[in-house]
Each structure stands twice: as structure tokens, then as C-alpha cells.
Amino acid sequence: MSFDMILTETRGAVGLITLNRPKAMNALCDQLYTELGVALHAFDDDPAIGCIVLTGSEKAFAAGADIKEIQAKTFQDVYAEEFITKKWEEVTKLRTPVIAAVAGYALGGGCELAMMCDFILAADTAKFGQPEITIGTIPGAGGTQRLTRFVGKSKAMEMVLTGRMIDAVEAERSGLVSRIVPAAELLEDALRTAEKIAAFSRPVVYMAKEATNRAYETTLAEGVRFERRLFHASFALEDQKEGMAAFAEKRKPNFKNR
Ligand code: HXC
């Protein structure tokens, strides 16, 4: 695969995607988003890949939508081209887990992209914000919805209404990120975490991701019912037999991963 605005590489069973538009703080223009969607689906379709890491640069994961590209768009334009819906949400359509490894700025659409991933690992340099209000618009890629679910109404409302950025410590304290790591160790940590996930049974990882995501989309009773069905289904897998046999026999499991 060869792209202009992202870099892709494979590290064992992990697909690594690096946003690479340094002159514009990885601002998310149409081309970048198109390339990102292609790369995400290519990794998702590759049976050798069990987890994806999405990262940016030291300075910026992504500083949001490309303001210069979208500033002149009319209502007619954004409505007719289904701006956002059509390309921006590809990362939410994958069965393969995606870890966002965030250093520096994750602003506007950049924060929204990170939140669309399955979880966020933050460098101690990370800064998150929804500054759209400062440029005359509102978050449009799920920011008002996902941020509120992550950090609660009060902090989300303050961030959305004032554009205030939060640092990694505040982001971790409020549940936006799973962990903070020193910036120099971010990528290695993210890759190590991804390798761990990729070594588990592939279908069981898909089930775990699907069930956890249900928590955001339905009632508790429905979510628990959904989880129970997938939990039962996992007993139909060879990998469940192998995993539990390995525990009983005090050895490492050898998952078939298919
Ligand atoms: C286009 C951007 C950009 C953006 C930075 N750049 N962010 N270009 N769109 N979102 C460009 C700058 O114009 C500049 O280019 C270069 O990147 C370096 O940026 P500087 O501002 O000089 O760097 P710095 O002073 O370090 O400040 C970094 C920053 C700031 C705090 C990240 O750039 C900033 O506030 N950016 C905008 C953040 C924002 O408002 N994001 C929300 C966008 S709206 P030149 O050519 O001048 O050197 C959005 C809506 C999403 O995301 C809805 C879904 C589509």
C-alpha cells in the first residue's frame, strides 16, 4: 500500500497507521480521510492482522478537520456530499480493534477520530479539545455525543461551549483515555498492547469488542442479553476449548485465530 498522507506498516500481527501531514498538524482533509479509510479496511480484511494502531506525530495526533478546505463549503455542499457520514466513520465499522495512540494535539475532528477508536492511549503530551465553537461551528463527527459519554455532561458541555483543551492527566481522570505513558514510549507501548490483543483468539476478540460497544448503544438489560448470547456462542469455538484446556493443563494456549 502506498499513500501520500498516511504511512502504513505491519508489525507482526499488528497494522500500524501513522497520520503523516506534518505541515498542517495532520489536519484531516478529504484525501487523508480517503486514504485512512482504505488503509483501515485493508488491515481489517487481512486475516494476518489482529489489531490496528492509529497514531500521529509527536506534535499532533490531528488538529481537526482541515479548516481551509471546508471553510467555503455551503449547506448545500455539506448536505449533498454527506460530509462526515460518508468517509469519517470508517474506523467505527471495523471488527478489528483499533487503538488510538495520541501525542500532542487531538482537536476537533482529531479528538473525534480518537474517540471513534476502541480505546485511547495518551502520551503525557496529549491535549484534547473540541474547539469548533471558536471557529463558528460545532463538533460534527460525534464530538457532542461520544465526549459526553466518556467524560460526563458537565465536562463535555464546558469543553464544547468554551473550546477549552484538557491535558493527558485530566483526560485520564475523566475517563477519556485508558492510560498515560511517557511520550517517548507511546508507540512501543501501543504496539505491545496491540500485539497482546492480536495474540488472543480472533473471533473471541471480535465478540469482546462487539459486546463492549453495545454498552454505548442500548439499555443495560438489552446489552446484558446481547453479551450473554455472545458469551454462549464463544463455547462453540475451538479456541474456547483450547483456552480452557490450556489453563487446566498449565500451558500456554495455542489459539487457531480463525
Ligand atoms: C487546517 C491547520 C489546522 C486545521 C493547524 N493547521 N490546524 N490547517 N486545518 N485544523 C495548520 C496551520 O494553519 C499552520 O499552517 C500549521 O498547521 C501549523 O499550525 P500553527 O497554528 O502555526 O501551530 P501552533 O501555533 O503550534 O498551534 C497548533 C494548534 C493550532 C493549537 C493545533 O494550529 C490550532 O488551533 N488549529 C486549529 C484547531 C481547530 O480549530 N480544530 C478544529 C477544526 S474544525 P501554515 O500554513 O499557516 O503554517 C473540526 C470540525 C470537525 O475539526 C467536524 C467533523 C468534520
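Owing to the predicted nature of the structure, the values given are computational and were not obtained by experimental measurement. For ligands, and for the atoms within them, numbers begin at 1 and follow the listed sequence.
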K.L.:
Is it the case that more than 12 heavy atoms not belonging to K241 sit under 6.0 Å from its NZ atom?
P.N.:
yes
K.L.:
Would you list the pairs meeting salt bridge (charged side-chain N to carboxylate O under 4.0 Å, His left out) in which at least one residue belongs to residues 70-85, sequence neighbours left out?
P.N.:
K73-E81
K.L.:
What pairs meet the salt bridge (charged side-chain N to carboxylate O under 4.0 Å, His left out) rule with one or both residues in residues 35-58, with sequence neighbours excluded?
P.N.:
D44-R95
K.L.:
Please check if the number of heavy atoms outside Q76 that lie under 6.0 Å from its CD is greater than 12.
P.N.:
no
K.L.:
Any carboxylate oxygen within less than 4.0 angstrom of a Lys/Arg side-chain nitrogen, looking at R11 and E9?
P.N.:
yes
K.L.:
List, one per line, each side-chain donor-acceptor pair under 3.5 Å for residues 136-157, sequence neighbours excluded.
P.N.:
unit_1 : atom_1 : unit_2 : atom_2 : d
T148   : OG1    : T144   : O      : 2.5
K155   : NZ     : E170   : OE2    : 2.5

K.L.:
Measure from every N or O atom of ligand 1 to the protein's N or O atoms and keep only the pairs below 3.5 Å, writing each with atom names and distance to 0.1 Å.
P.N.:
unit_1   : atom_1 : unit_2 : atom_2 : d
ligand 1 : 9 (N)  : A65    : O      : 3.4
ligand 1 : 9 (N)  : I67    : N      : 3.0
ligand 1 : 10 (N) : A63    : O      : 3.0
ligand 1 : 10 (N) : A65    : O      : 2.9
ligand 1 : 13 (O) : K68    : NZ     : 2.8
ligand 1 : 17 (O) : K23    : O      : 3.4
ligand 1 : 41 (N) : A63    : O      : 2.9
ligand 1 : 52 (O) : A65    : N      : 2.8
ligand 1 : 52 (O) : G109   : N      : 2.8

